[in-house]
Undergrad: 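Below: one structure in structure tokens.
Everything numeric in this text was worked out from a predicted model, so none of it was measured. All values below come from the heavy atoms of this structure, side chains included, with hydrogens, waters and symmetry mates left out. Letters go in sequence order (proteins before strands), and every chain restarts at 1.
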Amino acid sequence: MQLLFIHSDYIEYEAKEKTRVAEPISESKERIEEVLVVFIAVEREDEQDARYVVEKASEETISVFNKVGAERIVLYPYAHLSAELASPERSIEILSSMEENLRSRGVEVKRAPFGWYKSFTLRCKGHPLSELSRKIQGREGAGAGEVGVEKLSKALEAEEKAESHFFFLDTGNKGGLIKPEDFEFDGRENLQKFFIYESEKRRAVDKVPPHVELMKRLEIADYEPSSDPGNLRFYPKGKLIKALLEDYVRNSVAEYGAVEVETPIMYSVEHPSLKDYLERFPARQYSMAGKGGKPDLFLRFSACFGQFLMSKDMSISYKNLPLKMFELAPSFRKEKRGELVGLRRLRKFTMPDMHTLCRDMKEALVEFKKQYELCMRVLEGIGFSPRDYEVALRFTREFYDGEANKEFIEELVRIAGKPVLIERWDQRFFYFVLKFEFNFVDALEKASALSTVQIDVENAERYGIKYVDANGEEKYPIILHCSPSGAIERCMYALLERAYLDMEGGFLPQLPLWLSPTQLRMIPVAERHLEYIEELLPVLTGIRVDVDDREETVSKKIRDAGREWIPYVAVVGDKEVEKRTLSVRIRERNLSLEKKALPMDVRELKEQIEEAIKSKPFRELPFSYKLSERARFVGG
RNA sequence: GCCGCUGUGGCUUAGAGGUAGAGCGGCUGACUCGUAAUCAGCAGGUCGUGGGUUCAAAUCCCACCGGCGGCUCCA
């Protein structure tokens with residue numbers, strides 16, 4: 001049960017309109033003075049142990065009532081305090097028994113009608129105790145009788161109060177932070193969109209994001225109605241792209257010096273170090289009940305716990321630092337229903353998650369910069385140019401006030417090579433003092449983070465992660481959290497949205513060559529040309545080649561290849577067989593109008609493709625190279 | 001989670017109280033085909049699910065489920 005207490009001069013409310021769970025009422029309008037208003041959400045778990053919860057909640061209410069010296073109490077049902085409400089019938093029952101319980105203690109109590117849309121005004125007294133919130137929990141199992149009132153977590157309260165301010169910082173800009181009203185956006189439309197999105201957090205959009213249609217049509221991914229929303233299915237092409245991106249990120253961080261590990265995807269809710277995190281986002285976990293007295297489990301929302309718990313048990317010398325640990329972590333966040341969209345925001349996603357233990361802030365900053373550059377390289381390698389993303393640097397006021405740190409921030413802006421958005425928090429409300437993200441702005445002008453690095457000054461201590469320094473003393477390291485690419489699915493979203501933006505701009509949409517499921521399609525004019533194609537295939541190893549051997553016209557096959565965004569399409573007819581060449585169409589970004597096919601030698605074509613995809617991971621075609629043997633995964 | 005919109009064969013959709021219609025895709029056949037949709041035929045639908053109103057419901061009402069958008073949020 002969630003309770004919000006407001007000690008008020010008065011409350012006025014009026015029942016306006018019934019909802020379908022409305023209880024019958026006699027009075028629709030009330031005004032009550034010198035009152036402790038208790039906003040209440042009865043939660044599902046309360047149904048299990050209703051009497052206990054009513055007793056505890058009443059005790060707590062009386063205690064607050066006495067402390068603030070109110071004259072009467074109003075119980076005001078307020079569903080919005082919880083995401084896990086009890087049934088309306090039980091809620092009314094529980095609220096009524098709470099009303100009676102309080103009345104039996106000799107207090108004047110009024111209960112606002114349940115299940116009505118109500119208007120209300122109240123005046124909060126504003127003294128230190130005038131606003132309080134409490135959560136009442138039922139007893140866990142049979143034995144544990146003493147779980148009672150808990151305060152909301154400190155972090156959550158702090159965050160509500162935390163204020164932040166936006167600025168800009170340009171490359172040559174020694175003068176410090178520029179206020180948004182003094183910043184000239186000219187030519188920086190994307191940054192402007194990003195800023196508007198960040199500062200207003202709202203967009204008037206009534207369209208489905210373009211990538212959703214594309215992910216289906218290109219047989220990449222799709223919704224799975226039989227799972228929880230936000231858990232997608234990936235078709236062979238999507239799975240291939242995903243696996244290639246994963247390979248690429250894995251290789252990149254290995255090159256940077258991280259070791260790959262794997263940690264469990266579920267953890268006990270009882271673990272003391274995890275509790276703070278959990279309390280902060282109670283409704284956002286996938287959790288399951290532990291049977292037979294075992295503790296409940298939740299699915300991880302990142303690889304942090306696993307790697308922290310692993311680090312805690314390691315013996316680490318200062319000589320091992322900076323120590324980098326990496327995991328391609330399937331992660332779960334039960335995001336609110338309305339937040340889920342296509343590949344942009346999921347409940348199950350793959351997060352490349354690297355943590356770096358650093359001996360001190362100095363070393364942390366050195367690594368932070370390296371990782372900043374690593375992230376730029378990774379995005380570049382995937383196929384994003386710096387024009388495709390906007391940089392945000394976020395830090396606490398305290399961090400920025402150090403003169404050396406100011407220079408550090410300016411250096412980061414120079415590396416970005418363009419103005420960046422700054423967010424400065426008045427106080428630290430979470431575990432980091434500095435973070436950056438590279439944000440993609442999509443076709444509907446929504447921004448979402450790709451790469452990010454954060455400097456964590458809190459979790460080493462919380463988890464008991466220590467290293468031994470040169471003097472033999474135990475120290476807490478500073479921890480860097482880094483996702484070099486951001487969630488893999490989100491990269492796919494950004495690639496699709498970018499392709500859509502290209503299309504809007506008059507270009508042919510395309511995926512990067514190394515990620516294209518089919519890189520080269522061979523089209524025989526007639527059946528008799530298949531033999532020649534079969535001869536060529538062994539030459540083209542290391543490239544994903546397929547053959548459109550269906551009984552269709554050449555025009556149809558060309559069109560279908562175009563709809564699949566295939567980068568190289570080679571037609572083979574009598575002429576080619578005779579001259580031992582290929583007639584190749586190249587889908588370049590600027591070829592939307594010209595549709596020329598040029599004669600090319602097979603080896604020449606192979607070299608050209610190999611040159612373009614060298615240094616990138618390669619995987620074979622995930623299905624038959626013959627189109628006639630391939631099933632369709634999505635309709636038409 | 002709340003509010004609004006939405007759900008018709010595998011896909012895209014027409015129909016807005018009175019016998020479910022089309023295109024794509026699939027299958028069969030013909031054409032062996034030269035750069036963005038060859039022609040003909042066939043199969044495929046308890047109109048998201050469950051209730052209700054009605055002589056009659058894809059169509060109106062309610063609930064639930066999925067999708068989209070907004071609010072909110074993004075460790």
Undergrad: How would you label the contact of G342(A) with the nucleic acid (heavy atoms, under 4.0 Å): base, sugar-phosphate, or nothing?
TA: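 Sugar-phosphate, backbone atoms only, no base.
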
Undergrad: Distance alone, cut at 3.5 Å: any donor-acceptor contact between the side chains of S287(A) and D296(A)?
TA: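 Checked: S287(A)/D296(A) side chains show no N/O donor-acceptor pair below 3.5 Å.
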
Undergrad: Does S555(A) reach a base, just sugar-phosphate, or nothing at all? Heavy atoms under 4.0 Å.
TA: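 Sugar-phosphate contact only.
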
Undergrad: Find the partner of C2(B): check Watson-Crick (N1-N3 plus N6-O4 or O6-N4) and G-U wobble (N1-O2, O6-N3) distances, both under 3.5 Å, and reply none if neither fits.
TA: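 Checking every strand shown, C2(B) finds its partner in G70(B), with both distances under 3.5 Å.
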
Undergrad: Which nucleotide wins on minimum distance to the side chain of P209(A), given the candidates A75(B), G69(B), C74(B)?
TA: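 Closest of the options to the side chain of P209(A): G69(B).
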
Undergrad: Is the F430(A) to W425(A) ring centre distance short of 6.0 Å?
TA: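 No, ring centres 6.0 Å or more apart.
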
Undergrad: Is it true that a side-chain atom of R394(A) and a backbone atom of E437(A) form a donor plus acceptor pair closer than 3.5 Å?
TA: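 No; zero donor-acceptor contacts below 3.5 Å.
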
Undergrad: The side chain of L508(A) is closest to which nucleotide in this list: G66(B), C74(B), A36(B)?
TA: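 Looking only at heavy atoms from C-beta outward on L508(A), the closest nucleotide is A36(B).
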
Undergrad: In whole Å, what is the span from the CD atom of E564(A) to the C1' atom of A36(B)?
TA: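 Between C1' of A36(B) and CD of E564(A): 13 Å.
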
Undergrad: Among G70(B), A36(B), C74(B), which nucleotide sits nearest the side chain of K446(A)?
TA: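 Nearest listed nucleotide: G70(B).
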
Undergrad: Only pairs with both distances under 3.5 Å count, Watson-Crick or wobble alike; so what is the partner of A58(B) in this structure?
TA: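 Pairing partner, where one exists within any strand: none, as none qualifies.
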
Undergrad: In whole Å, what separates the P atom of U13(B) from that of C3(B)?
TA: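 The same atom, P, in both gives a distance of 27 Å.
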
Undergrad: Do the side chain of R300(A) and the main chain of I265(A) share a donor and acceptor less than 3.5 angstrom apart?
TA: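 The answer is no, because no donor-acceptor pair under 3.5 Å joins these two groups.
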
Undergrad: Could you please name the option among C73(B), A36(B), G34(B) that lies closest to any side-chain atom of K336(A)?
TA: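 For K336(A), the side-chain atoms sit closest to C73(B).
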
Undergrad: Quantified in whole Å, what is the P atom distance between nucleotide G10(B) and nucleotide G45(B)?
TA: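 Comparing P positions in G10(B) and G45(B) gives a spacing of 8 Å.
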
Undergrad: Specify the separation, in whole Å, of atom CZ of R233(A) and atom P of G66(B).
TA: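 So the CZ-P distance, R233(A) to G66(B), works out to 15 Å.
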
Undergrad: Counting side-chain heavy atoms from C-beta on, which of G66(B), U38(B), A36(B) comes nearest to R585(A)?
TA: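 Selected nucleotide: A36(B).
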
Undergrad: R345(A) has a side chain; which of U35(B), C74(B), A75(B) sits nearest to it?
TA: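 The answer is C74(B).
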
Undergrad: For U38(B), give its Watson-Crick or G-U wobble partner with both distances under 3.5 Å, or none.
TA: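 Result: A30(B).
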
Undergrad: Please classify the nucleic acid contact of E576(A) as base, sugar-phosphate, or nothing, using heavy-atom distances under 4.0 Å.
TA: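 Base contact - E576(A) has a heavy atom under 4.0 Å of at least one base atom.
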
Undergrad: Taking the C1' atom of each, how far is C31(B) from C39(B), in whole Å?
TA: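 Comparing C1' positions in C31(B) and C39(B) gives a spacing of 8 Å.
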
Undergrad: Which nucleotide wins on minimum distance to the side chain of I558(A), given the candidates A37(B), A75(B), A36(B)?
TA: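 Looking only at heavy atoms from C-beta outward on I558(A), the closest nucleotide is A36(B).
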
Undergrad: What interatomic distance, in whole Å, is found between P of U49(B) and the corresponding atom of A57(B)?
TA: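 Taking atom P in both A57(B) and U49(B), they lie 15 Å apart.
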
Undergrad: Could you check how far CG of D548(A) sits from C1' of G34(B), rounded to whole Å?
TA: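 One finds 14 Å between C1' of G34(B) and CG of D548(A), rounded.
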
Undergrad: State whether the side chain of R333(A) and the backbone N or O of F301(A) hold a donor-acceptor pair below 3.5 Å, judged by distance alone.
TA: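 Side chain of R333(A) to backbone of F301(A): a pair is present.
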
Undergrad: Tell me the partner of U19(B), counting only Watson-Crick (N1-N3 plus N6-O4 or O6-N4) or G-U wobble (N1-O2 and O6-N3) with both under 3.5 Å; none if nothing fits.
TA: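 Across all strands, not a single nucleotide pairs with U19(B).
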
Undergrad: For nucleotides U54(B) and C24(B), find the distance between their P atoms and express it as a whole number of Å.
TA: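 U54(B) and C24(B) have their P atoms separated by 43 Å.
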
Undergrad: Nearest 0.5 Å please: distance from the OG1 atom of T263(A) over to the CD atom of E327(A).
TA: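 Between atom OG1 of T263(A) and atom CD of E327(A) there are 3.5 Å.
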
Undergrad: If you measure from the C1' atom in C33(B) to the same atom in G15(B), how many Å do you get, rounded?
TA: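 One C1' to the other, the span is 39 Å.
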
Undergrad: Rounding to an integer number of angstrom, what distance separates U8(B) and C71(B) when you compare their C1' atoms?
TA: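 After rounding to an integer number of Å, I get 31 Å for this pair.
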
Undergrad: In whole Å, measure the gap between the C1' atoms of U12(B) and A37(B) for me.
TA: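 Looking at atom C1' only, U12(B) and A37(B) are 15 Å apart.
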
Undergrad: Return yes if a side-chain donor-acceptor contact under 3.5 Å exists between E489(A) and T350(A), otherwise no.
TA: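 On atom types as modelled, these side chains qualify, holding a pair under 3.5 Å.
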
Undergrad: Looking for any heavy atom pair under 4.0 Å, which part of the strands does V569(A) touch: base, sugar-phosphate only, or nothing?
TA: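 No contact.
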
Undergrad: When we call it a touch if two heavy atoms are under 4.0 Å apart, what does Y431(A) touch: a base, just sugar-phosphate, or nothing?
TA: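 Sugar-phosphate: the residue Y431(A), judged by heavy atoms under 4.0 Å, touches backbone atoms but no base.
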
Undergrad: Across all strands shown, which nucleotide pairs with G10(B) by Watson-Crick or G-U wobble geometry, both distances under 3.5 Å?
TA: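 Pairing partner, where one exists within any strand: C24(B).
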
Undergrad: How close or far is atom P of A37(B) from atom CD1 of I523(A), stated in whole angstroms?
TA: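 My rounded result for the distance is 12 Å.
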
Undergrad: OP1 or OP2 of G10(B) less than 4.0 angstrom from a side-chain nitrogen or oxygen of K216(A), does that happen here?
TA: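 Answer no for this pair, as no side-chain N or O of K216(A) is under 4.0 Å from OP1 or OP2.
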
Undergrad: Would you mind telling me which of G70(B), C74(B), A36(B) lies closest to the side-chain atoms of R333(A)?
TA: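 From the listed options, C74(B) comes nearest.
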
Undergrad: For G44(B), what is the paired nucleotide under Watson-Crick or G-U wobble rules, both distances under 3.5 Å?
TA: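 Partner of G44(B): none found under 3.5 Å.
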
Undergrad: What N/O pairs connect the protein and nucleotides 26-33 of chain B at under 3.5 Å? Give each pair on its own line.
TA:
from: C31(B); atom 1: N4; to: E551(A); atom 2: OE1; distance (Å): 2.9
from: U32(B); atom 1: O2; to: E527(A); atom 2: N; distance (Å): 3.1
from: U32(B); atom 1: N3; to: E527(A); atom 2: OE2; distance (Å): 3.0
from: U32(B); atom 1: O4; to: E527(A); atom 2: OE2; distance (Å): 2.5
from: C33(B); atom 1: OP2; to: R528(A); atom 2: NH2; distance (Å): 3.4

Undergrad: Over all strands shown, is S448(A) touching base, sugar-phosphate only, or nothing at heavy-atom distances under 4.0 angstrom?
TA: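 Answer is nothing: S448(A) stays at 4.0 Å or more from every strand.
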
Undergrad: What is the distance, rounded to the nearest whole Å, between atom CZ of R347(A) and atom P of C73(B)?
TA: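 About 17 Å, once rounded to whole Å.
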
Undergrad: Just by modelled atom types, is the L343(A) backbone N or O under 3.5 Å from a matching donor or acceptor in the H211(A) side chain?
TA: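 Yes: the side chain of H211(A) pairs with the backbone of L343(A).
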
Undergrad: Considering the options R462(A), Q454(A), E458(A), which one meets the side-chain hydrogen bond (donor to acceptor under 3.5 Å, both in side chains) requirement together with Y431(A)?
TA: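 Exactly one candidate clears the test, Q454(A).
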
Undergrad: Would you please indicate if the ring centroids of F440(A) and Y389(A) are separated by under 6.0 Å?
TA: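 Aromatic pair excluded; centres sit 6.0 Å or further apart.
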
Undergrad: Under 4.0 angstrom, heavy atoms only, what part of the nucleic acid is K557(A) near: base, sugar-phosphate, or nothing?
TA: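 Touches nothing.
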
